[in-house]
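Down below is the structure, laid out as structure tokens.
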Amino acid sequence: MRITRTVPARPVPITALVLATAGSLLLTPQTAVAEPRPPVHRETATEGAAAQTPLSAARRALAAAKSESTTEAAAESASAAVLGDDSRGYPRRQVLAPDPENPADRSIKLGLAPYHSIAPKLNALQALGDRVSVEVAGRSAGGHRLYLVTVTAPESARQARAQARMRELIENAPALAAKSPGIKQDYKAPVFLNNNIHGNEWEGTDASLKFIERLATAGDSATRDLLAHSRLYFNITANPDGRIAGTRANAGGFDLNRDFVTASQPEVRAMRRIMIDKQPAVMLDLHGYVNGTLIEPTTPPHGENYEYDLFLKNTYANALGMEAAVNGLGYTAEKDGVQPAQIPFRDQEEGWDDWPPIFTPQYAAYHGTVAAHTVEIPMRVNNADYASLPVTELRRRSAINVDVAGAALRATLDFVRTRRASLVADQIEVFRRGAAGAAQVPVSEETVPGVPGIGPEDVYTTTFPRAYVIPAGRSAQRSATAAARLVDHLLANDVRVTRALRDFRLGSRTYAKGSYVVDLRQSKRGLANALLADGRDISDKVSVMYDISGWSLGRLWGATVEPVTRAGLAGAPLRPVSAAARVGYVAPRGDLRLRLDDPREVAALNSLLQQGVPARRAADGSAIVPASARARAQAAARTYDVAFDATKAKGTAPLHRTRVAAAVTSGELLALREMNFEVTPVSPGVLNAGFDWSSVDVLFVSAGLDHGDLNDGARSALDAFLDGHGLVGRGATGAELNAAAGLLAVKPVEGNGDANGVVRVANSDTALMSGAPSHGFVYAPVWFTDLGPGVRVEQSYATGNPLVSGHWRPSQDGTGGPADAAGRAAVVSGPQAVLFGTEPMFRDHPKGEFAQVGRALFSMADATGTR
């Protein structure tokens with residue numbers, strides 16, 4: 001229990017603060033409640049509607065995953081090359097072509113900068129002197145440019161190369177960097193200032209533009225000192241799609257501040273590239289809206305893979321400065337409706353955690369950022385307020401928000417100017433601990449002096465394995481394609497990976513030549529472990545989590561990953577790699593078998609089916625491709641990096657081109673398109689307007705489609721379709737539609753709606769689940785009881801406690817916990833429906849489960865019969 005506070009304790013004020021009208025004059029402190037409800041923003045369609053994401057946005061998101069030769073992938077690679085170019089000095093001027101004027105830009109109503117005004121503004125800022133440079137860091141899912149502005153004192157090319165060498169020394173040889181006089185004296189502390197990652201939280205962009213203008217021309221000694229000893233990197237708007245449209249998500253329907261584990265979106269990959277290339281010691285992520293201004297550090301639980309003592313020390317110190325600057329603006333509750341700023345670590349018990357690295361500041365910590373903040377500015381102007389409040393009130397609020405964001409920026413840069421040396425030293429220490437395999441330092445009032453109220457509830461550490469091995473060989477891997485994808489993802493995150501030149505022994509096991517090894521004695525060991533470890537069950541730690549609590553690419557991506565705890569790596573025949581070895585293969589003779597265990601394998605099959613290749617389904621759920629299609633199989637193997645093995649099996653039934661009507665979340669829609677299904681998004685509005693059901697073969701429902709919302713004609717048309725076609729349903733919404741249509745006789749049971757994480761499952765040996773992983777992902781889990789005739793259990797939650805990592809408690813009435821789900825059916829099927837109680841396509845996390853949905857869609861596309 002925290003006992004040191006500078007304001008009255010408010011254990012769970014977040015819900016009240018967010019939901020209350022931001023302009024209300026008085027907000028009394030909230031009393032403690034047993035189970036707080038922070039404003040969790042799940043991906044399951046914020047407005048409760050089915051995703052209608054444009055196909056173009058999906059293509060941009062998927063471009064890099066399919067082929068490096070695609071236009072979008074080439075553009076993304078070119079942007080990365082520009083950002084990583086250390087051969088040029090500063091300034092780096094370029095003239096930006098203007099965007100077409102868009103009077104529908106939602107920023108205009110608030111008196112803020114519309115997206116189309118930003119390029120001309122940046123051109124003007126570059127012309128003010130020699131301190132401002134602009135680069136295009138990439139493009140959004142909607143095709144808009146992402147602008148990175150660097151503000152620093154001028155550097156020659158030689159000086160820029162010297163800065164790059166010092167930055168590389170800090171990461172690659174931190175023990176030497178700690179002793180370097182040159183770094184202490186000359187290294188420019190990198191600072192990353194991120195704006196507008198949620199599109200309808202606008203004002204950070206405008207505050208940054210104003211601040212850049214001041215920095216460009218200010219002649220005071222403090223500004224000159226700041227720019228001589230730091231580089232300031234402003235991501236002007238991280239989400240231009242959402243800024244224009246007034247939406248939280250980008251054009252792909254993704255909340256970008258939930259995407260950093262998997263980086264499925266181009267905007268997140270651009271931010272990741274900035275953090276890797278620039279290696280910021282300090283970062284700020286400007287959001288809205290919480291009244292009073294909420295300034296990280298957060299409440300427990302704290303990410304167990306961080307060097308949290310260094311993070312807390314600096315993040316808390318900067319938070320105090322931002323708090324003083326924000327409160328010093330003079331806004332009051334009585335006069336302006338603005339509450340005093342708050343620091344969750346100090347002022348709250350739980351409800352706003354930094355556990356998962358899906359958030360920008362938490363992800364930045366793994367790249368050496370030792371002071372990283374989400375800042376929630378106070379006055380709400382989005383959602384219902386945007387539509388209902390007068391323009392004058394909206395603009396009054398926006399102006400206050402720009403002031404508050406500006407105060408946070410100013411205080412942060414003052415902090416950087418006065419503490420540059422210690423910030424850089426702490427970043428070096430983060431990397432030194434990783435490279436040396438040093439123990440983490442648990443936080444306490446002794447190890448983090450100056451931070452009051454640290455208690456045992458704040459102590460989260462982990463035991464790092466010595467290494468992880470991703471074994472080579474088809475006998476060692478369920479999917480060599482999945483293993484290669486995982487290796488490439490680790491490398492994209494700047495995690496170092498090696499590959500064995502010959503067979504070798506590690507611990508008690510012998511591994512084959514070509515196996516990959518991730519040595520945890522590396523600077524970014526925290527990120528490597530966060531991505532590959534199982535994680536932890538934290539259900540007993542706090543009442544509820546702000547977002548996901550469990551993730552594990554080692555468990556969920558379909559690749560075999562083995563931790564090695566004690567053995568040393570000395571003498572192992574390992575060589576660093578820059579990319580995974582290609583695994584695409586086609587047997588030289590005979591018919592071909594394509595395992596459908598991976599989304600790329602499903603994508604390859606769909607590509608062949610769309611070309612008219614007569615593939616057949618095998619009894620184990622794989623696909624049989626005739627020898628006559630070998631040339632097309634070879635092209636698919638190259639494109640998708642998948643293996644076609646020789647087989648003598650002939651298959652049990654033909655596979656057909658599958659067209660899917662989908663009422664699903666944005667993440668699921670992207671996953672279906674990644675697997676090359678031909679998808680038509682549907683919703684009650686689409687169906688009520690008259691839908692041509694002959695254009696699709698199967699229906700997939702998980703969000704935004706309630707049978708009761710359909711008019712008589714749409715309901716009759718849907719029922720007629722389901723008389724001869726199948727349904728794939730997920731979660732409560734899919735189960736409800738199944739019940740309304742009378743397809744599968746089961747009783748769905750909803751678990752705790754806040755529960756989420758990695759779970760153990762038991763799979764049946766059927767065409768749907770053959771070869772499926774033994775772990776799944778859940779969010780608001782569902783299971784099925786009272787199974788009627790003909791219902792088959794495809795997958796069950798494991799007995800005992802199925803939760804491996806995450807947060808899953810019973811609901812307030814004592815039901816809905818993991819003990820209730822244990823041993824129960826998680827996936828069920830029948831002649832006309834497959835129902836999932838798990839989340840097999842959640843936010844790009846469980847890649848190894850995508851194929852379960854693919855197999856279900858192929859199966860249900862052939863469903864026949866009458867209810």
Side-chain angles (χ1 to χ4, degrees), residues 39-66 72 76 137-144 146 194-201 235 237-273 285 287 356-360 362-363 374 382-383 489 492-493 546-548 551 553 556 599 662-675 679 681 702-704 730 756 777 779 839-847 850:
V40 174
H41 289 280
R42 286 193 62 206
E43 187 204 316
T44 49
T46 305
E47 304 298 328
Q52 299 286 322
T53 306
L55 181 58
S56 59
R59 285 175 174 159
R60 288 189 182 94
L62 295 171
K66 283 190 177 180
E72 293 293 342
E76 190 170 304
R139 286 191 178 265
S140 69
H144 297 99
L146 305 169
N194 202 46
N195 303 291
N196 201 198
I197 192 170
H198 290 147
N200 61 355
E201 299 167 10
N235 190 15
T237 167
N239 185 359
D241 303 347
R243 183 177 188 84
I244 294 166
T247 58
R248 181 182 180 89
N250 70 345
F254 272 70
D255 184 332
L256 301 177
N257 203 42
R258 302 292 184 273
D259 194 42
F260 279 93
V261 166
T262 53
S264 71
Q265 299 301 293
E267 301 93 334
V268 171
R269 294 195 290 269
M271 285 181 274
R272 179 178 69 188
R273 190 76 256 157
D285 202 27
H287 288 252
I358 57 174
F359 311 122
T360 319
Q362 278 56 64
Y363 180 76
T374 293
N382 60 3
N383 301 335
H489 187 70
N493 280 277
Y546 183 68
D547 203 87
I548 65 167
W551 61 93
L553 304 190
L556 297 178
V664 294
T665 68
S666 296
E668 290 168 327
L669 185 54
L670 181 67
L672 292 174
R673 286 168 167 164
E674 180 180 346
M675 291 188 286
V679 187
S702 68
R730 187 207 39 89
N756 68 84
F777 189 84
Y779 207 139
E839 288 247 19
M841 299 196 303
F842 179 83
R843 284 191 200 159
D844 220 34
H845 281 280
K847 286 278 195 186
F850 283 15

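Separating the CZ atom in Arg272 from the CG atom in Asn493 is a distance of 5.0 Å, to the nearest 0.5 Å. Rounding to the nearest 0.5 Å places CD of Glu839 at 11.0 Å from CD1 of Ile548.
Donor-acceptor pairing under 3.5 Å is recorded for the side chains of Thr360 and Asn257. With hydrogens and angles left out, the side-chain atoms of Asn383 and Asn200 include a donor and acceptor closer than 3.5 Å.
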- Message: Please evaluate residues Asn239 and His198 with respect to the criterion side-chain hydrogen bond (donor to acceptor under 3.5 Å, both in side chains), reporting the C-alpha separation (whole Å), side-chain torsions for both, the decisive distance (0.1 Å), and the verdict.
- Response: CA-CA 6 Å; Asn239 185 359; His198 290 147; over 6 Å; no

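A distance-only check finds a donor-acceptor pair linking the side chain of Ser666 to the backbone of Gly253 [under 3.5 Å]. Judged purely by atom type and a 3.5 angstrom limit, Arg269 uses its side chain to pair as donor or acceptor with the backbone of Ala61. Side-chain atoms of Asp259 come within 3.5 Å of backbone N or O of Gln265 as a donor-acceptor pair. A donor-acceptor pair under 3.5 Å is formed between the side chain of Thr53 and the backbone N or O of Gly252.
Taking the six-membered ring for Trp and the full ring otherwise, Phe260 and Phe359 have centroids separated by 6.0 Å or more.
Residues Ile244 and His144 are in side-chain contact: their nearest non-hydrogen atoms beyond the backbone lie under 4.5 Å apart. Put simply, the side chain of Phe254 reaches to within 4.5 Å of the side chain of Ser264, judged on heavy atoms. You'll find the side chain of Thr665 stays beyond 4.5 Å of the side chain of Met841, heavy atoms only. Looking at heavy atoms from C-beta onward, Pro240 lies in side-chain contact with Ser140 at the 4.5 angstrom threshold. Contact of the His287 side chain with the Ile197 side chain is registered, since non-hydrogen atoms from C-beta on lie closer than 4.5 Å.
A search for side chain to side chain donor-acceptor pair (under 3.5 Å) contacts involving His845 returns nothing, not counting sequence neighbours. Shown here are the ring pair (Phe, Tyr, Trp, His ring centres under 6.0 Å) partners of Phe850, two or more places apart in sequence or in another chain: there are none.
Look at Lys847 and Glu674 and you find a salt bridge, because one of the NZ, NE, NH1 or NH2 atoms lies within 4.0 Å of a carboxylate O, short of that distance. Remark: Glu267 does not engage Arg139 in a salt bridge, criterion side-chain N to carboxylate O under 4.0 Å. Between Arg843 and Asp547 there is a salt bridge, since a side-chain N of the basic residue sits under 4.0 Å from a carboxylate O of the acidic one.
Between Phe842 and Tyr779, the angle of the ring planes lies from 30° to 60°, which puts this pair in the tilted group.
The shortest heavy-atom contact between Thr262 and Leu553 is CG2-CD2, 4.4 Å. Between Pro357 and Trp551, the shortest heavy-atom distance links the atoms CD-CZ2, 3.1 Å.
For the side-chain hydrogen bond (donor to acceptor under 3.5 Å, both in side chains) criterion with Arg243, the lone passing option out of Thr237, Asn250, Asn196 is Asn196.
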